[in-house]
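One structure is given here, and the rest of the page talks about it.
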Amino acid sequence: MSVIEARQLEKTYVAGDITVNAIRKVDFTIEPASFVSFIGPSGSGKSTLLNMIGALDPPTSGTLNVVGQEITTLNRKDAATFRGDNIGFVFQDFNLIPVLTVFENVEYPLLMVQNWPKEKRRTRVLDMLEAVGMADQANKYPSQISGGQKQRVAVARALVTNAKLVLADEPTANLDRETANKIITLMKRMRDEFKTTFIFSTHDPKIVQNVETTFTLEDGKIITSNNNAGGSHV
Amino acid sequence: MFNIIKLATRNLQRYKRRTFLTSMLITLGVVAVLLFISVSGSFKAMMIGQITDSMLGHMQIHKKGYLASVDSLPLNRNLNAKQINKVKEILGAEESIEAYSMRIKLGAMFSNFTETTNIRLNAVLPKEELGAAPLLTDRIIDGEKEGLIEKGEILVPELIAKGMKVNVGDTIVLVANNKDGSVNGQTFIVRGILEGISGPGGRDGMIHLDDAKSLLRMDEPEISEIAIRLKNIDQLPAVFAKMKTELESLKNKDDKPIFEVHTWEKISPFFNIAKMIDLMTLFIKIMLVAIVLVSIMNVMIMAVYERINEIGTISAIGTSPGKILGLFIIEGFLLGVLGTFIGVAISLISITAMNASQISFDFGRQTGLMLSPTISAGEVITVALIVIGISVAASLQPAYKASKMDPITALRHV
């Protein structure tokens, strides 16, 4: 069963007299545990598509089934619950909470979203920090670690809830070449280890080289789909 | 909930200086209100205590219409023997009454044998009077205090004593008209000098009730005023209502009420000052509310604006709108609690310090009154609840805005 199935997905923004068709009736499926990227020039609709998959932005029309649930009809609260239960996010600017330590940042979704019991939570967070190589930095604050380390923490936070899907919007854009490579390698290892689907919106050729499927968008349409591993298709 | 409190606390610590300044502003407001309440409350309680305990009593009973013409001290509006007995019967059955005093109020000519002036007098039975006005002896600034007064003696008001140059032990003459117009005179020994206080009767002299009867040539007992002291002043509204119903239901032959009952509040102009103090306290409380409202709202609006991206992040990773709302409300709540806690602590220390330093003040002609500010736990709790409640209310709008923020827009915010 596909982890994502989109049919005739459309997103239109209306601002005054201007209507922008950000996504134009696209169809695609993505299989579980795949490594997928959406690429395209600025304004092509990559981020809009990622936002819709992440239940952050409802489509104007079409259907969108993510991890077995039709998400186009979710209200605000249910969408938040759905995200908390199923989706992890990795942002370009890392978006760690500055007043929380590394440990607490990773713990946050378990504590504030999923209400895990304390001991189970602690074990899980330490396991994830160990997995991303940040266990020894657990008590530091985000301001005390490097950009690459922040992104490792963000990956740990995205995966800590056993998310079935991780959405990463330009995850390497603010990292140097070497660190970016390490983050990509880390995410691929995480995919292999936890069988999580990773979907990127990116301009980074390094990511494109590493993914199994690349969807190229232009003017809100998927114009090509390059499938290296046969995991996803248009 | 504990986790939200923990996160809110961390967020407040993020901007230490701002949190400190906002808390201090709230603290300042709380201190101002609590100190004003304690000082004004002390002043009010002292003045009420002095007025009721050294002169008026808590309640007074007169013949209907007496109070309206009290300035002329009308002897034809005195209660007769039958009416006095009826009042005694009712007062005797009321357990909350501690004591009452029968008074004859009269005007007379006061002569020191070289000069003459007008004087207003209260004629009393000393034991009864001391029961109804136990602090009366404190007003005797010269002369014997014990026993208040005996037959043939007079307590002269301070102003008249000075003006007429009479001293304790001097002989004076009182000349009075009775209600039939007959004039009578009687000599008295000055037993003491009575300090004047603010309010009606505060500058009256005092003689023994039996002397008034002989001076006014009363064949039968007559009484102008019955001053009543309750065991507990807090019972005043209930006792007053009961007395009023009971006494004012008694009618004369023309089916009109015989008696009128008044509390000290109706009789003394100080009640209006007390009401003004209460009004000022209310305005100070309103100012406190405004300070808290503006400062907390300002801080919380800033907090939301500065953390838009963070709100987007926590919303994206699944934090429910309700928890985001709660997070910001608790930040406002904690600011209010912090400011209130410090404010209450400073206020209590200040009140203790003021009491220890024995501050005195003057009120009208009264000098050297000791300021002894006190504040009840109820007042402290009320002010604390107001401040904390307003802190929460002031956080509602920014918190609501944060909870309703579109995560995509928030994440794009730089």
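Remember, it's a predicted structure, so these values are computed and weren't measured experimentally. Hydrogens, waters and symmetry mates are skipped; everything else that's a heavy atom, side chains included, is used. A, B, ... follow the sequence lines: proteins, then strands. Residue 1 opens every chain.
Across A/Arg76 and B/Ser403, no two heavy atoms sit closer than the pair NH2-O, 2.8 Å.
Heavy atoms of A/Tyr141 lying under 4.5 Å from chain B belong exclusively to its side chain. Contacts of B/Thr409 with chain A are absent, with no heavy-atom separation under 4.5 Å from either backbone or side chain. When heavy atoms are compared at a cutoff of 4.5 Å, A/Asn105 does not approach chain B at all. In this structure, chain B has a heavy atom under 4.5 Å from the side chain of A/Glu104, while its backbone stays farther away. Of the atoms belonging to A/Tyr108, it is side-chain heavy atoms, and not backbone ones, that fall under 4.5 Å from chain B.
Taken to the nearest 0.5 Å, the CD1 atom of B/Ile408 stands 5.0 Å off from the CG atom of A/Leu56. We find the CG-CG distance between A/Asp93 and B/Leu411 to be 9.5 Å, quoted to the nearest 0.5 Å. The distance from atom CZ of A/Phe91 to atom CD1 of B/Ile317, rounded to the nearest 0.5 Å, is 7.5 Å. To the nearest 0.5 Å, the span separating CG on B/Leu7 from CD1 on A/Ile97 amounts to 6.0 Å. Here the straight-line distance linking atom CG of A/Asn95 with atom CG of B/Asn309 works out to 4.5 Å at 0.5 Å rounding. Going from atom CZ of B/Arg412 over to atom CG of A/Asn51 covers 6.0 Å, rounded to the nearest 0.5 Å.
For B/Phe20, the CZ atom sits in a loose shell: 12 or fewer heavy atoms of surrounding residues, nucleotides or ligands are nearer than 6.0 Å.
No other option in A/Pro109, A/Gly88, A/Pro98 has as many heavy-atom pairs under 4.5 Å with chain B as A/Pro98. Listed options A/Ile87, A/Leu167, A/Leu100 were ranked by heavy-atom pairs under 4.5 angstrom with chain B; first place goes to A/Leu100. When the candidates B/Gly322, B/Ser315, B/Ser320 are compared by the number of heavy-atom contacts under 4.5 Å with chain A, B/Ser315 comes out ahead.
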**Report entry** side-chain contact (heavy atoms from CB on, under 4.5 Å) evaluation trace for A/Arg157 with B/Thr313
**Finding:** CA-CA 12 Å; A/Arg157 182 178 66 183; B/Thr313 306; 3.7 Å; yes
